[in-house]
Amino acid sequence: MQRSFCFRKYSKEISDVNKAALSDYVAHRKIIIDLLSTGIRKIDNEKFSKEEFIHNLIFPMKCSSDDIDYESHNLWLIDERLAYSSYVASDVSLNTKKMMIDLIYCYWIIRLLFLTSRMMEQNLIL
């Protein structure tokens, strides 16, 4: 009862502008997730979409975070924390220490996601 009262109290204080911004944010993410779902399904001829489609949906190929705006990638599809990396690059030569650190971070995040999904499959975690 008390939580319900607090929720109603604070929700009344949220401005319509903030509600609209949140609505846009949620709608954008829903569209990206729908595109990803479409991209990972088999097409009528039993073939999958090209890797390029999914890759560019997550992060544009042959680009770095220096080249594109924050809104131009969807790294949150892999892990929300990746969206805030100091530097991200995709399909570019590894010539800086900074890039190597982020790639190592990405490797461990992907590894963690893989291990977590395997543990969930085996009902080791909920």
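Every heavy atom of this structure was used, including side-chain atoms; hydrogens, water molecules and symmetry mates were not.
Both I54 and I68 sit in one connected hydrophobic cluster of ILVMFWY residues. Membership requires side-chain heavy atoms under 4.5 Å apart, directly or through other members. Cluster annotation: W76 and I31 are assigned to the same hydrophobic cluster (Ile/Leu/Val/Met/Phe/Trp/Tyr, side-chain heavy-atom contacts under 4.5 Å, transitive). The hydrophobic clustering, which links ILVMFWY residues whose side-chain heavy atoms are closer than 4.5 Å, places L75 and F53 together.
A donor-acceptor pair under 3.5 Å links the side-chain atoms of D67 to the main chain of S64, judged by distance alone. Side chain of D79 to backbone of R81: a donor-acceptor contact under 3.5 angstrom is found.
What you find for V88 and L82 is that their closest heavy atoms are CG2-O, 4.4 Å. The two residues F59 and S90 have their closest heavy-atom pair at CD2-CB, 3.5 Å.
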Audit row: I58, I78, side chain to side chain contact (heavy atoms under 4.5 Å, CB included) steps and yes/no:
CA-CA 8 Å; I58 296 171; I78 298 171; 3.8 Å; yes
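A distance of 10.5 Å separates NZ in K30 from CG in L35, rounded to the nearest 0.5 Å. With rounding to the nearest 0.5 Å, the separation of CG in N74 from CD1 in I33 is 9.5 Å.
A 4.5 Å side-chain heavy-atom check between H28 and I32 finds at least one atom pair inside the cut-off.
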